[in-house]
Amino acid sequence: MQKELKQDENISIDDLIPETASRYTQEDIKKVSNSYKNRDKNVNNRTLCVNLAKNIGKKVIIKGSVHKINSLGGIEFFALRDRSGMTQIVFEGSVVTQKICCEAIIEVEGLITKEERSPYDNIEIKGQSLKILGSAASDLPIAINGNYNNINLPTLLDYRGLSVRIPKVSKVFKIQSEILRLYGEYLRKNDFSEIKTSKIISTGTEGGANIFELKYFDRVAYLAQSPQFYKQTMVGSGFERVFEVGPVFRAEMSNTVRHLSEYTSMDLEMGFIKDEQDIIDMQENLLKYMFTEIKKLYGDEIKEEFGVDIVIPEVFPRIHFLEALDIAYKKGVKDMDGDISPEGEKAVCDYADKELGSPFVYIVGYPIKKRPMYTMPDERLPGYTRSFDLLYKGLEITTGGQRINDYETLRKNIIAFGGNPNSFKTYLDIFKYGMPPHGGLGMGLERVTMKMLGFNNVREASLFPRDIGRITP
RNA sequence: GACCAUAUAGCGCAGUUGGUUAGCGCGUCGGCCUGUCAAGCCGAAGGUCGCGGGUUCGAGCCCCGUUAUGGUCGCCA
């Protein structure tokens with residue numbers, strides 16, 4: 001709820017502009033513009049926490065947030081946090097004269113000292129002067145320096161702007177940032193081009209009711225559920241291999257630990273494949289690369305902070321849908337009615353984990369009815385398709401497959417799925433005028449992050465999650 | 001959308017078969033303290049028990065409604 005403004009807060013933008021603003025002389029202006037060229041670049045020199053060890057004995061300036069204060073009367077210990085890590089500053093005597101609260105932004109000049117009693121790498125800074133760059137109030141609603149587990153997820157999300165300061169929380173998103181980097185890095189190395197396509201569309205791609213409607217001038221438009229058609233268009237364009245990382249929107253009435261109304265889809269699409277196995281090969285190698293690099297960079301921290309090992313199997317098992325069903329039945333999962341239930345998926349994952357030593361498992365060959373109209377049928381097992389899901393630790397993190405690339409087949413499929421070919425004209429045209437055999441996949445960034453770090457709620461892996469009940473912050 | 005659970009201080013929680021002034025830990029505020037690292041010791045503030053109604057001499061507790069949150073399912077990445 002918005003609070004009423006107090007009387008003295010009732011100011012306008014005009015109050016911010018002094019009358020002199022219209023009378024600045026050429027000289028006044030010149031003074032400012034000259035300062036652009038002649039500025040002292042060393043004024044802002046600053047040593048980061050991570051670089052303290054190699055500068056022991058030097059006098060430095062460090063800047064960051066006050067993480068924690070321990071005041072013992074004549075001596076005060078500050079834990080200081082910057083983007084690289086933490087350190088301890090010791091103030092003796094009367095250096096600290098102002099009231100300073102946790103999360104205040106400070107600048108400290110001091111001497112880097114080897115000190116066995118310091119909890120941070122046996123290094124600390126003897127503070128000689130202190131400046132407040134940004135003050136902080138004392139009534140922090142959540143503890144940034146306390147035990148992460150003492151705050152419930154909805155509270156963390158309500159105060160997201162502050163909870164992202166908690167080192168363990170920000171670590172999640174540092175890792176997620178690396179996941180994104182590695183995804184693009186590997187695909188570029190393999191001749192993929194990155195594309196960005198519009199998220200405002202005129203018709204749904206996958207059909208169904210789970211699409212957000214929005215006002216678009218005097219018309220109705222929708223938020224894209226997937227870049228599917230655009231990816232395929234660009235395969236046909238001659239790019240052959242494209243990838244996109246971007247938001248997709250699902251208006252599903254699904255209030256679960258694994259659903260978001262808006263999530264980041266890591267998509268790829270590639271031409272001149274033999275079949276869906278080429279797509280799986282590409283993704284398997286991609287994931288091995290990504291996970292190996294993450295493990296190199298963060299493996300120890302992930303183990304320590306989140307208590308999980310990153311396991312990268314030699315081969316990712318590939319099981320046919322009907323085999324998977326069988327495995328699930330044998331594990332005692334009932335009531336699947338020819339389709340694999342989430343419980344059945346868990347059983348298959350369990351099997352892959354225990355029998356095949358892999359937290360990943362591909363289920364290939366879903367029934368036609370379970371897949372979108374553009375999915376390539378498998379001529380060897382009519383009724384089934386050349387599509388797949390990738391399950392990771394019991395959760396679906398990817399859907400993909402080979403697509404139909406023949407115009408007539410696709411046209412008939414659109415009709416068979418209850419659509420009107422006329423409303424898919426732009427899409428169909430790319431097939432009418434030559435389209436290579438191709439396929440691709442979409443991978444949910446937050447789900448990958450969630451499972452990699454062993455969370456049981458996908459919201460923990462989303463900076464500003466959107467779900468049925470949440471559109472703020 | 002269906003079902004189940006929960007709602008008590010800034011945060012995390014306890015609160016007995018319904019019974020005086022609703023507690024605990026952390027945090028916050030004040031005081032003491034020169035090696036803290038879950039600092040310690042002394043003191044203090046902080047609550048319309050989600051909201052609305054009902055039962056009762058009496059409700060944080062029981063009943064009805066409502067809202068929010070969490071979880072499960074369908075569905076999905």
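Proteins get letters first, then strands, A, B, ... in listed order; numbering begins at 1 in each. Excluded from the calculations below are hydrogen atoms, water molecules and symmetry mates; all remaining heavy atoms, backbone and side chain alike, are included.
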Pick the [atom1] atom in [N] and in [M], then give their distance to the nearest Å.
N	M	atom1	answer
B:A38	B:A7	C1'	29 Å
B:C63	B:U16	P	14 Å
B:G18	B:G54	C1'	15 Å
B:C51	B:U8	P	10 Å
B:A2	B:U66	P	12 Å
B:C49	B:C61	C1'	10 Å
B:U17	B:U56	P	23 Å
B:C62	B:G25	P	27 Å

Which nucleotide, [options], lies nearest any side-chain atom of [X]?
X	options	result
A:L72	B:C11, B:A77, B:U36	B:U36
A:E92	B:C29, B:U34, B:C76	B:U34
A:M253	B:A77, B:G74, B:C11	B:G74
A:L260	B:G35, B:G71, B:A77	B:A77
A:R459	B:G70, B:U36, B:G12	B:G70
A:Y159	B:C29, B:C76, B:C11	B:C11
A:N152	B:C76, B:G35, B:G12	B:G12
A:I151	B:C76, B:G35, B:C11	B:C11
A:C101	B:C29, B:C73, B:G71	B:C29

Exercise for the section: Check the geometry between A:F77 and B:G35 and answer yes if their rings are stacked (centres below 5.5 Å, planes below 30°), otherwise no. Expected result: no
Just checking [X]: base, sugar-phosphate only, or nothing, at a heavy-atom cut-off of under 4.0 Å?
X	value
A:D389	nothing
A:V248	nothing
A:G146	nothing
A:N70	base
A:S265	nothing
A:E124	base
A:E446	nothing
A:K346	nothing
A:S71	base
A:E76	nothing

For [X] and [N], what is the distance between atoms [atom1] and [atom2] respectively, to the nearest whole Å?
X	N	atom1	atom2	result
A:E115	B:U34	CD	P	17 Å
A:D467	B:U72	CG	P	13 Å
A:I340	B:C76	CD1	C1'	15 Å
A:I279	B:A77	CD1	P	16 Å
A:E103	B:U28	CD	P	12 Å
A:L140	B:U28	CG	P	9 Å
A:N255	B:G70	CG	P	6 Å
A:I69	B:C33	CD1	P	18 Å

task: Could you please spell out the steps behind the side-chain hydrogen bond (donor to acceptor under 3.5 Å, both in side chains) verdict for A:S387 and A:E276?
output: CA-CA 7 Å; A:S387 69; A:E276 82 289 347; over 6 Å; no
Please confirm whether the shortest side-chain N or O distance from [X] to OP1 or OP2 of [N] is below 4.0 Å.
X	N	value
A:N145	B:A38	no
A:R117	B:U36	no
A:T399	B:C76	no
A:N150	B:A38	no

Quick check on the 6.0 Å ring-centre criterion: do A:F291 and A:Y392 meet it?
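Yes, the ring of A:F291 comes within the 6.0 Å limit of the ring of A:Y392, centre to centre.
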>> Before we go on, tell me: are the rings of A:Y427 and A:Y374 under 6.0 Å apart, centre to centre?
In response: no
- request: Would you indicate whether A:F306, at its atom CZ, is surrounded by more than 12 heavy atoms from other residues, nucleotides or ligands within a distance under 6.0 Å?
  value: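 Enclosed: over 12 neighbouring heavy atoms sit under 6.0 Å from CZ of A:F306.
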Assign each of A:G73 and A:I142 the nucleotide of RNA chain B bearing its closest heavy atom; nearer the 5' end lies the nucleotide of A:I142
RNA chain B nearest-nucleotide lookup for A:P141 and A:L153: closer to the 5′ end is A:P141
Need the pair for B:A2. Rule: Watson-Crick or G-U wobble, both distances under 3.5 Å, any strand; none if unpaired.
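The answer is B:U72, by the H-bond criterion.
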| Stepwise side chain to side chain contact (heavy atoms under 4.5 Å, CB included) check, A:M234 with A:E269 | CA-CA 9 Å; A:M234 292 313 290; A:E269 199 78 17; over 6 Å; no
Tell me whether the side-chain N or O atoms of A:E252 pair up with the base of B:G74 as donor and acceptor below 3.5 Å, since no angle test is needed here.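 A donor-acceptor contact between them is absent.
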Side-chain donor or acceptor of A:K99 under 3.5 Å from a matching atom on the base of B:G30? no
Between [Y] and [X], do the side chains contain a donor N or O and an acceptor N or O under 3.5 Å apart?
X	Y	result
A:Y362	A:Q283	yes
A:Y351	A:K330	no
A:S261	A:D467	no

Does A:E244 pair with A:K199 as a salt bridge, N-O distance under 4.0 Å?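 Looking at A:E244 and A:K199, the cut-off is met.
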